[in-house]
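Every chain is numbered from 1 and lettered A, B, ... according to where its sequence line falls, protein lines coming before strand lines. The figures here come from the full heavy-atom set of this structure, side chains too, leaving out hydrogens, waters and symmetry mates.
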Amino acid sequence: MSAPETNTALNFIEEIIEEDLKTGKYNGRVHTRFPPEPNGYLHIGHAKSICLNFGLSQKYNGLTNLRYDDTNPATEDVEYVDSIRDDIKWLGFSWDDRECYASDYFEALYHKATELIKMGKAYVDHSTSEEMAAQKGTPTIPGTPSPYRTRSVEENLNLFERMRNGEFNEGACTLRLKIDLASPNMHMRDPVVYRIKKTPHHRTGTKWSIYPMYDFAHGISDSIEGITHSICTLEFEVHRPLYDWILIELGMYRPQQIEFARLNLTYTIMSKRNLKMLVNEGFVNGWDDPRMPTISGLRRRGYTPESIREFAKRVGVARRENMIDVGLLEFCVREHMNLIAQRVMAVLDPLKVVITNYPETQTEELETENNPENAEAGVRCVPFTRELYIEREDFMEDPPKKYFRLFPSGEVRLKSAYIIRCNEVVKDAQGNIVQLNCTYYPNSKSGEDTSGLKVKGTLHWVSAQHAINAEVRLYDRLFTVPNVGDIEGDIRDYINPDSLITIANAKLEPSLCNAATGLRYQFIRKGYFCLDKDATPEKLIFNQTVGLKDSWAKLQTKEG
RNA sequence: UGGCCCGUUGUGUAAUGGUAGCACUACAGAUUUUGGUUCUGUCUGUCUUGGUUCGAAUCCAGGCGGGCCAACCA
């Protein structure tokens, strides 16, 4: 917060902006926009773009518009409009009253199109898309003119109006710009700018039967809104000459389009098409499934807006293709959670421990800290009794070297409680360990330990009698390979079958009966968790946001 | 194979002709009533070949590698 921003290096977009500020190119204004198409949920890649666009206007005392790029009614829906709005707000950004829609400009766009027709720069074409493709040529072979390219202005005007009036069927004709059929840039070879669609639009209903294409709508919308820096991803770079051409021909105010490299994350996907597939084919439970890289999924998983903004800051902005290790995202959320999460004890895979020398009817309320990183978080009490649960993996009959946990004749401390010694392992007929009989050292109580005993390990635990049951959902990466984009076959074959592990009956300390959505918990020694939105007072459900770093597990896999 | 863009440790990102730095990761150690946190330290890099220059990651040229572009999608 206090670090002087002035010392930090600028990214290439900030350099451009500062140069523009210096030269007065836009009279000192900085006005960006975030232009989602409402045809899917926002994901972490969009979060990068949102943080970039809104971050820039914050830094340079400018404005950012939210603008829905809703030019294709066939794929768009209000469900997406609403989710996008919620997600950006949740991320912590505000566009005030500047919630814009390309559809707000349909009338203006239509007039601009007629202007181009009058200038002889646009024509109505009856070629089919196949014919158009054939006319287009290839990057090495120039295109050939459509037979309709030389129509008169009057005829074009008349035809275009009839397109608007719905007199033609979908696909019957389009409006094309007349630019350069020999251009090495395929987007300049007479691009289609209007097509006929009879699908009702989520905002304009059935008023229009023609809709502008992206290239036509986007630049003009930017221009109308007075955008200064129109930031988009790299694949739009080849569109920039067309963006400029349209605004120059129309004599309109012209923002600067700037392209940056989109975010890629290991072990997941970012394409809306494939995310939609995961939802529609039931590989996940909706767009906000905690395994999804969507903002709503991350939110449900327990990620905080702060951690996502920090992530966006750390990945940087540049023009080269990148593949960010999902570990960086996890680092960012752990960093934030470590500061804010309430510590609690939860046993995910319970093993019963009986303290044989502890009075049967006794209960002690033991004080324990809520967050060692934050003294102001205070303390709470947890009940200690003769019968407890510990984590099954915290006991081994035949432990390897450097195992600090419990084993026969071994001693460990129970967190905020006593040091215990394991005396007997109780097994069932199949040889499964079902119970540990231990004794405790009454003078080893946390905070008033006079035993002089030294133990290597500290375990979390819950009182069996007081424990509350909960379902706990553990998540792992969605795909089994780091670069899903490199998969040559069907990505469905690389979906991680263990991306969700449900623990039906975890044992939680009783304070968790007050758990609320939005609160973050650290299940000590396990990870960070939050209450799932499906939880009820009768059935608690917790999502694992991310595990704690586990250097013991790492050691094991390395030696195993 | 036409055009455009991009190549800096494992991954990102700085250095804007003048000591290749930072973060994450990895590894080693210290601290720790969370094998967490924190702290300290270590490793690995300018795609390549030439050129310009006192001096090149940076400028120029050729190569190599990667990406994008021929939807009535955005």
**Student:** Can you tell me if the side-chain N/O atoms of A/Arg319 get under 4.0 Å from OP1 or OP2 in B/C5?
**Tutor:**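 Checking A/Arg319 against B/C5: no side-chain N or O falls below 4.0 Å of OP1 or OP2.
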
**Student:** Taking the nucleotide of RNA chain B with the nearest heavy atom to each, does A/Asn338 or A/Lys445 sit closer to the 5' end?
**Tutor:**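 In this pair, the answer is A/Lys445.
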
**Student:** Just checking A/Phe331: base, sugar-phosphate only, or nothing, at a heavy-atom cut-off of under 4.0 Å?
**Tutor:**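 Result for A/Phe331 = sugar-phosphate.
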
**Student:** Which nucleotide wins on minimum distance to the side chain of A/Ala318, given the candidates B/U13, B/G35, B/U33?
**Tutor:**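 The listed nucleotide nearest to A/Ala318's side chain is B/U13.
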
**Student:** Roughly how many Å apart are B/A23 and B/G18, using the C1' atom of each and rounding to a whole number?
**Tutor:**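 Comparing C1' positions in B/G18 and B/A23 gives a spacing of 26 Å.
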
**Student:** Hey, could you give me each pair passing salt bridge (Lys or Arg N to Asp or Glu O under 4.0 Å) that has a residue in residues 256-266 of chain A? Not counting sequence neighbours.
**Tutor:**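 Sorted pair list: A/Glu235-A/Arg262, A/Arg240-A/Glu259, A/Glu259-A/Arg319.
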
**Student:** Within the structure shown, what part of the strands sits under 4.0 Å from A/Pro372 by heavy-atom distance: base, sugar-phosphate, or nothing?
**Tutor:**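 Contact class for A/Pro372: base.
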
**Student:** Give A/Gly457 one of three labels, base, sugar-phosphate or nothing, depending on what nucleic acid heavy atoms sit under 4.0 Å from its own.
**Tutor:**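 Counting heavy atoms under 4.0 Å across all strands, no contact is made by A/Gly457.
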
**Student:** Suppose we screen for ring-ring contact (aromatic ring centres under 6.0 Å, His included). Which residues come up paired with A/Trp245, at least two apart in sequence or across chains?
**Tutor:**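 Checked A/Trp245 against ring-ring contact (aromatic ring centres under 6.0 Å, His included); zero matches.
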
**Student:** Reading RNA chain B 5' to 3', what string of ( ), [ ], | and . shows its pairs, if Watson-Crick and G-U wobble pairs count only when both distances fall under 3.5 Å?
**Tutor:** .((((((..((((....[..)))).(((((.......)))))....(((((..]....))))))))))).....

**Student:** Using atom P in both nucleotides, what's the gap between B/G51 and B/U13 to the nearest angstrom?
**Tutor:**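 It comes out at 32 Å once rounded to the nearest Å.
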
**Student:** Please confirm whether any donor atom in the side chain of A/Gln556 sits under 3.5 Å from an acceptor in the base of B/G35, or the reverse.
**Tutor:**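 Checked by distance alone, the answer is no.
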
**Student:** Side chain of A/Thr71, heavy atoms from C-beta onward: which of B/A74, B/G67, B/G3 has the nearest atom to it?
**Tutor:**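 Taking heavy atoms from C-beta onward, the closest nucleotide is B/A74.
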
**Student:** Has A/Ser551 got a side-chain N or O lying under 4.0 Å from the OP1 or OP2 atom of B/G36?
**Tutor:**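 The answer is yes; a side-chain N or O of A/Ser551 sits under 4.0 Å from OP1 or OP2.
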
**Student:** Give me the ring orientation class for A/Tyr148 and A/His126: parallel if the planes are under 30° apart, tilted from 30 to 60°, perpendicular past 60°.
**Tutor:**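 A/Tyr148 and A/His126: perpendicular rings.
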
**Student:** So A/Arg343, base contact, sugar-phosphate only, or nothing? Heavy-atom distance under 4.0 Å.
**Tutor:**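 Base: the residue A/Arg343, judged by heavy atoms under 4.0 Å, touches a nucleobase.
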
**Student:** Touch check for A/Lys526, heavy atoms < 4.0 angstrom, all strands: base, sugar-phosphate only, or nothing?
**Tutor:**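 Answer is nothing: A/Lys526 stays at 4.0 Å or more from every strand.
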
**Student:** Filter on side chain to side chain donor-acceptor pair (under 3.5 Å), then keep only pairs touching residues 545-555 of chain A, sequence neighbours left out; what's left?
**Tutor:**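 Applying side chain to side chain donor-acceptor pair (under 3.5 Å) to every pair that reaches into residues 545-555 of chain A, excluding sequence neighbours, yields nothing.
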
**Student:** Assuming nearest nucleotide by heavy-atom distance, tell me which of A/Leu459 and A/Glu237 is located more 5' along RNA chain B.
**Tutor:**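 On the 5' side of the pair lies A/Glu237.
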
**Student:** When you compare the protein's N or O atoms with those of nucleotides 26-32 of chain B, which come within less than 3.5 Å of each other, and at what distance?
**Tutor:**
| unit_1 | atom_1 | unit_2 | atom_2 | d |
| --- | --- | --- | --- | --- |
| B/A26 | OP1 | A/Lys554 | NZ | 2.4 |
| B/C27 | OP1 | A/Lys558 | NZ | 3.0 |

**Student:** Touch check for A/Asn185, heavy atoms < 4.0 angstrom, all strands: base, sugar-phosphate only, or nothing?
**Tutor:**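 Counting heavy atoms under 4.0 Å across all strands, no contact is made by A/Asn185.
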
**Student:** Answer with base, sugar-phosphate or nothing: what part of the nucleic acid does A/Arg405 contact at a heavy-atom distance below 4.0 Å?
**Tutor:**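 If one applies the 4.0 Å heavy-atom cut-off, A/Arg405 turns out to touch a base.
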
**Student:** Could you tell me whether the side-chain ring of A/Trp552 sits stacked on the base of B/G35, using a centroid cut-off under 5.5 Å and a plane angle under 30°?
**Tutor:**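 The ring of A/Trp552 is stacked on B/G35.
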
**Student:** Give one of base, sugar-phosphate or nothing for A/Ser129, where a contact means two heavy atoms less than 4.0 Å apart.
**Tutor:**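 Base contact.
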
**Student:** Just call it for A/Val317: base, sugar-phosphate, or nothing, with non-hydrogen atoms closer than 4.0 Å on any strand.
**Tutor:**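 A/Val317: backbone/sugar contact only, no base atoms under 4.0 Å.
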
**Student:** Does the cation-pi check pass for A/Arg164 over A/Tyr110, that is, NZ or CZ under 6.0 Å from the six-membered ring centre and within 45° of its axis?
**Tutor:**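 Satisfied, under 6.0 Å and within 45°.
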
**Student:** Has A/Glu161 got more than 12 heavy atoms of other residues, nucleotides or ligands less than 6.0 Å from its CD?
**Tutor:**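 Result for CD/A/Glu161: open.
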
**Student:** Looking at A/Lys456, I want to see if its NZ is surrounded by more than 12 non-hydrogen atoms of other residues, nucleotides or ligands under 6.0 Å.
**Tutor:**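 Result for NZ/A/Lys456: open.
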
**Student:** So what does A/Arg320 hit on the nucleic acid, given a heavy-atom distance under 4.0 Å: a base, only sugar-phosphate, or nothing?
**Tutor:**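 The answer is base, as A/Arg320 lies within the cut-off (heavy atoms under 4.0 Å) of a base atom.
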
**Student:** Determine the interatomic distance between C1' on B/A20 and the same-named atom on B/G62; round to the nearest Å.
**Tutor:**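 Looking at atom C1' only, B/A20 and B/G62 are 26 Å apart.
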
**Student:** Is the NZ or CZ atom of A/Arg203 both under 6.0 Å from the centre of the six-membered ring of A/Tyr101 and within 45° of that ring's axis?
**Tutor:**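 Yes, a cation-pi geometry holds between A/Arg203 and A/Tyr101.
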
**Student:** Start with the C-alpha distance between A/Asp449 and A/Arg413, add both sets of side-chain angles, then the distance that settles salt bridge (Lys or Arg N to Asp or Glu O under 4.0 Å), and finish with yes or no.
**Tutor:** CA-CA 11 Å; A/Asp449 183 354; A/Arg413 174 171 291 284; 2.7 Å; yes

**Student:** What does A/Tyr194 touch in the nucleic acid at a heavy-atom separation under 4.0 angstrom: a base, only the sugar-phosphate, or nothing?
**Tutor:**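 No contact at all - A/Tyr194 keeps every heavy atom at 4.0 Å or more from the nucleic acid.
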
**Student:** Using side-chain hydrogen bond (donor to acceptor under 3.5 Å, both in side chains) as the criterion, list what pairs up with A/Thr144, not counting sequence neighbours.
**Tutor:**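 For A/Thr144, no residue satisfies side-chain hydrogen bond (donor to acceptor under 3.5 Å, both in side chains) once neighbours in sequence are set aside.
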
**Student:** Answer with base, sugar-phosphate or nothing: what part of the nucleic acid does A/Ile524 contact at a heavy-atom distance below 4.0 Å?
**Tutor:**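 Contact class for A/Ile524: base.
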
**Student:** Identify which nucleotide among B/U37, B/C6, B/G35 has an atom closest to any side-chain atom of A/Tyr403, counting heavy atoms from C-beta outward.
**Tutor:**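 So the nucleotide nearest the side chain must be B/G35.
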
**Student:** How close do A/Cys530 and A/Gly302 get, heavy atom to heavy atom, and via which atoms?
**Tutor:**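 Scanning both residues, the minimum pair turns out to be SG-CA, 3.6 Å.
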
**Student:** Any base atoms under 4.0 Å from A/Gln522, or only sugar-phosphate, or nothing? Heavy atoms, all strands.
**Tutor:**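 Base, at least one base atom sits under 4.0 Å.
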
**Student:** Answer with base, sugar-phosphate or nothing: what part of the nucleic acid does A/Thr233 contact at a heavy-atom distance below 4.0 Å?
**Tutor:**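 Nothing: the residue A/Thr233, judged by heavy atoms under 4.0 Å, touches no strand.
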
**Student:** Using the benzene-type ring in the case of Trp, are the ring centres of A/Tyr214 and A/Phe236 under 6.0 Å apart?
**Tutor:**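 Distance test on ring centres: under 6.0 Å, yes.
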
**Student:** Quick one: does A/Arg525 reach the base of B/U34 with a side-chain donor-acceptor pair under 3.5 Å?
**Tutor:**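 By the distance-only test, no, there is no pair.
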
**Student:** Taking only the C1' atom of each, what is the distance from B/U9 to B/A57 in whole angstrom?
**Tutor:**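 Between the two C1' atoms, the distance is 14 Å.
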
**Student:** Any donor-acceptor pair under 3.5 Å between the side chain of A/His239 and the base of B/A74?
**Tutor:**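 Such a pair exists between side chain and base.
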
